[in-house]
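Since the structure comes first, as structure tokens, the remarks are kept for the end.
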Amino acid sequence: MKVQPRLLISFIFPLLMLVLSLLVYVGFNEYKDNQNAAINQATSNVRIAREYLDHHFLSAQSQLYLLEQLWEEKNSIAGVMKAAQTMVSAKSRYLEVGLLAYGNYYGTNGFYKEGIASLIAERPWYKQAAIGESYITPIYLSGSTGKWTVAFVAVLDPVAQQEVRIVLEIDVNRLYENVSLLRTLENGYVYAIESATGKIVIHPDDSRVGTPSVSVTSDILARIQAGEQAGIIPSYEYKNKEKFSVYEANPLLGWVVLSGAEKSEIIMHTLSISAVTLSLLVLILIIGLLFYIVYHVHNYGRQLSEVESIAELKIALQQMVEGVIGCQSIHLYMRNVYSGDFESAQCKHHISEKGLRDDPAERLGRLARLPENQPDILSAFIAPGKTCIRVPLTKKKQLIGLLYIISPRLDLTLFINMLRTYAQSALGQVMLAQRIQQTDAMTGLMNKNFLQAEIEKQIKANGKYYLAMIDVDDFKGINDTYGHLFGDKVIISVANCLRQESDRHAIVARYGGEEFAILLPAKGLMAAKEILEAIRASVSSTVIKSGTKSCRVHVSIGVAAISGNMEKSIARADQALYQAKANGKNQVVIYCLNSMLQTIGAE
């Protein structure tokens with residue numbers, strides 16, 4: 001039967017319109033989903049940035065409080081400025097510390113202004129405030145440093161009927177450095193404005209700092225000042241590009257933290273999927289199959305962008321790989337930024353980076369199908385005799401993890417690379433959030449929460465690990481004799497000594513105040529005691545200096561094997577520490593089950 005052209009055309013045109021309509025509908029929904037994913041990612045970035053700024057706000061408040069106490073104790077200009085100079089030299093984000101007293105202004109790095117009592121009202125950091133009040137200034141360009149600044153100001157009791165204030169100036173550009181890695185999509189970034197003025201305080205473009213924000217209108221500022229804590233700016237134009245931003249108010253600083261991206265990124269991302277689909281219109285079945293896979297990859301990718309812990313990441317990755325290409329199992333290894341080792345997400349196995357790179361089949365930076373010629377060390381351990389795909393996960397060309405896909409059912413480079421893109425982005429974000437949450441701000445050591453989690457991991461893994469609780473002897477006397485700033489230097493010096501003298505597989509943490517802890521591998525209690533005796537001797541031999549002040553400090557150490565549970569392990573090490581204190585301090589005491597506490601013993 002011969003088909004007339006008009007009948008054929010009349011059949012093809014409706015079919016084509018149906019397919020195009022379907023593509024438009026799916027494309028619109030994909031755009032909405034991508035937009036929601038971008039908003040979720042921006043919201044997560046804003047939360048992490050706000051927590052980081054809160055952390056540094058509290059740190060600056062503590063430094064200002066120490067200077068207040070120093071002034072109130074001695075009313076010594078030289079003493080305060082000496083301590084302030086030490087503070088500025090140690091913290092690059094602190095630009096200048098100033099003291100207004102006796103009608104004069106004394107600043108760090110030799111800055112001095114005489115007889116400014118009648119001019120202080122003109123200073124950008126000055127405002128009328130009650131005695132005992134502390135406040136944060138709006139952003140201003142510092143006349144002495146030439147940099148954009150916000151200042152923390154404390155108003156003290158007047159001396160000789162003249163105002164006394166301590167001013168701590170902070171470089172806002174340095175504040176941005178640690179949040180610059182928080183990206184929304186490819187080009188979105190975190191920035192912040194003053195809620196009172198709408199001026200930009202931190203931004204990747206230095207020229208924008210101190211200028212009015214384009215995204216935050218007066219109406220939005222009014223809502224924030226009326227108590228609105230968070231929201232979305234759905235659309236605004238900057239440099240002829242339409243953008244969106246998510247914001248959250250920070251009451252501590254009087255700032256609004258924002259993160260957003262260009263809408264064109266979402267559109268281009270959506271159009272790229274549509275373009276691939278349209279190019280395969282002639283193969284409707286293949287289009288349906290590819291679209292199904294791509295759609296699910298992005299769904300899984302959105303779930304990955306919302307995870308907040310390694311455990312959640314491992315589960316989401318397993319679901320993503322099984323749903324996209326199918327596999328028997330996956331194994332995720334993360335690079336420990338402190339030791340360089342590759343550790344499994346389950347914390348049951350690790351291998352050094354050198355050991356992995358020395359393997360003949362290494363080539364860690366490239367996608368590999370193993371065994372092509374031979375397996376690498378890890379694949380031989382986790383999947384002996386099985387085929388697997390090793391997917392390197394990188395951030396800024398630095399290897400941060402390895403994903404092994406065991407017995408893949410669909411081995412297509414296109415989909416594996418899509419998995420890799422989402423996986424390394426999610427892993428990078430989780431590791432950054434973990435690093436901020438798990439690090440002690442003063443010493444750079446791990447914090448108490450991280451230590452407790454690691455103890456639980458090693459107990460579950462039946463690791464041969466020992467816990468040492470370490471306390472600086474007579475620390476209160478050091479503070480009383482030399483002052484709190486010198487006490488801080490003692491804490492930092494002891495922390496540095498513990499870090500330098502400990503094995504790279506050991507975890508060194510600040511437990512709180514002047515108390516530290518080390519979770520270390522050893523062959524037995526006596527071997528652990530020998531290691532800790534060397535650490536104790538190293539601390540005792542260190543001379544801590546600050547200006548004309550110097551002293552040696554000693555530490556008492558209690559050590560116990562970890563077993564049972566985390567709480568009991570810490571309690572046993574604490575008991576040994578108390579016995580070390582009772583025995584005369586500056587010694588190592590081990591905990592033994594048979595004889596409770598003793599200074600010598602064997603397992």
Side-chain angles (χ1 to χ4, degrees), residues 37-57 60 91-95 138-142 145-150 169-195 197-217 220-221 230-250 253-266 268-269 305 394-398 424-425 428-429 431-433 435-436:
I39 290 173
N40 290 336
Q41 186 180 29
T43 302
S44 176
N45 290 342
V46 166
R47 176 180 54 79
I48 294 172
R50 185 183 58 75
E51 290 176 357
Y52 163 78
L53 292 173
D54 283 348
H55 168 77
H56 283 287
F57 165 77
K91 302 286 187 180
S92 59
R93 65 179 177 273
Y94 297 153
L95 288 174
I139 190 170
Y140 63 89
L141 193 62
S142 173
T145 63
K147 295 184 178 181
W148 284 105
T149 303
V150 292
E169 292 190 337
I170 296 179
D171 185 350
V172 294
N173 287 330
R174 295 306 298 268
L175 286 179
Y176 177 74
E177 290 179 1
N178 284 337
V179 298
S180 61
L181 297 178
L182 298 173
R183 314 294 292 183
T184 299
L185 301 179
E186 292 294 327
N187 300 311
Y189 48 82
V190 169
Y191 61 105
I193 67 164
E194 291 175 343
S195 58
T197 65
K199 289 185 178 179
I200 295 174
V201 287
I202 60 172
H203 196 279
D205 183 356
D206 292 349
S207 66
R208 295 294 314 284
V209 177
T211 65
S213 170
V214 174
S215 57
V216 183
T217 64
I220 296 174
L221 284 175
I232 299 173
I233 305 172
S235 181
Y236 64 93
E237 189 171 303
Y238 176 65
K239 289 186 177 179
N240 297 321
K241 294 179 180 178
E242 190 177 5
K243 306 180 75 173
F244 78 92
S245 283
V246 173
Y247 66 85
E248 184 174 342
N250 188 322
L253 292 168
W255 292 359
V256 180
V257 183
L258 304 98
S259 180
E262 297 174 9
K263 288 191 172 183
S264 60
E265 285 193 68
I266 303 174
M268 292 304 297
H269 189 57
S305 68
T394 61
K395 185 172 186 177
K396 292 190 174 180
K397 299 183 179 180
Q398 296 294 317
Q424 62 193 14
S425 175
Q429 186 163 315
M431 291 177 70
L432 176 61
R435 188 169 183 179
I436 292 174

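Both backbone and side-chain heavy atoms feed into the values below; hydrogens, waters and symmetry mates do not. What you are looking at is a predicted structure, and each value in this text was computed from that prediction instead of being measured.
Remark: Arg174 CZ to Lys147 NZ distance equals 7.5 Å, nearest 0.5 Å. Rounded to the nearest 0.5 angstrom, Ile232 CD1 and Ile39 CD1 are separated by 4.0 Å. Interatomic distance, CG of Asn173 versus OG1 of Thr149, reported as 9.0 Å (0.5 Å rounding). Distance NZ/Lys239 to CD/Glu262: 10.5 Å, rounded to 0.5 Å. Between atom CD of residue Glu194 and atom CG of residue Leu221 there is a gap of 10.5 Å, rounded to the nearest 0.5 Å. Taking CG from Leu95 and CD1 from Ile170, the interatomic distance works out to 8.5 Å, rounded to the nearest 0.5 Å.
Here the side chains of Arg47 and Thr43 are not in contact, with every heavy-atom distance at 4.5 Å or above. A 4.5 Å side-chain heavy-atom check between Leu258 and Ile233 finds at least one atom pair inside the cut-off. Using a 4.5 Å cut-off on side-chain heavy atoms (C-beta onward), Val256 and Val216 make no contact. The shortest distance between side-chain heavy atoms of Lys199 and Pro138 does not fall below 4.5 Å. At a threshold of 4.5 Å between non-hydrogen side-chain atoms, the residues Arg208 and Val214 count as touching.
Across every non-hydrogen atom of Tyr94 and Ala60, the tightest pair is OH-CA, 3.5 Å. What you find for Ala42 and Val246 is that their closest heavy atoms are CB-CG2, 3.9 Å. Residue Ile193 comes nearest to Ser213 through the heavy atom pair CG2-CB, 3.7 Å, listed as atom of the first residue, atom of the second, then distance. Across Phe244 and Ala38, no two heavy atoms sit closer than the pair CZ-CB, 3.8 Å. Here the closest non-hydrogen pair linking Ile200 and Pro212 is CD1-O, 4.4 Å. Residues Trp255 and Leu175 share a closest heavy-atom pair of CH2-CD1, 4.0 Å.
Environment of NZ in Lys263: crowded, with over 12 heavy atoms of neighbouring residues, nucleotides or ligands closer than 6.0 Å.
Put simply, the residue from Val172, Ile139, Val209 that forms a side-chain contact (heavy atoms from CB on, under 4.5 Å) with Ile202 is Val172.
A donor-acceptor pair shorter than 3.5 Å cannot be found between the side chains of Tyr236 and Thr217. Counted by atom type alone, Glu169 and Thr145 present zero donor-acceptor pairs between their side chains at under 3.5 Å.
The backbone N or O of Thr394 lies less than 3.5 Å from a partner atom in the side chain of Gln424, making a donor-acceptor pair. Under the 3.5 Å distance criterion, the side-chain polar atoms of Ser44 are left unmatched by any main-chain donor or acceptor of Gln41. Side-chain N or O atoms of Lys395 include none that pairs as donor or acceptor with a backbone N or O of Gln429 at under 3.5 Å.
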Evaluation steps, side chain to side chain contact (heavy atoms under 4.5 Å, CB included), between Ser235 and Glu242: CA-CA 6 Å; Ser235 181; Glu242 190 177 5; 2.5 Å; yes
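Applying the ring pair (Phe, Tyr, Trp, His ring centres under 6.0 Å) rule to Tyr247 yields no partners; only residues at least two apart in sequence or on another chain are considered.
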Listing, residues 181-188 side-chain donor-acceptor contacts under 3.5 Å, not counting sequence neighbours, or none:
residue	atom	partner	partner atom	Å
Arg183	NE	Gly188	O	3.4
Thr184	OG1	Asn45	ND2	3.2
Thr184	OG1	Ser259	OG	2.8

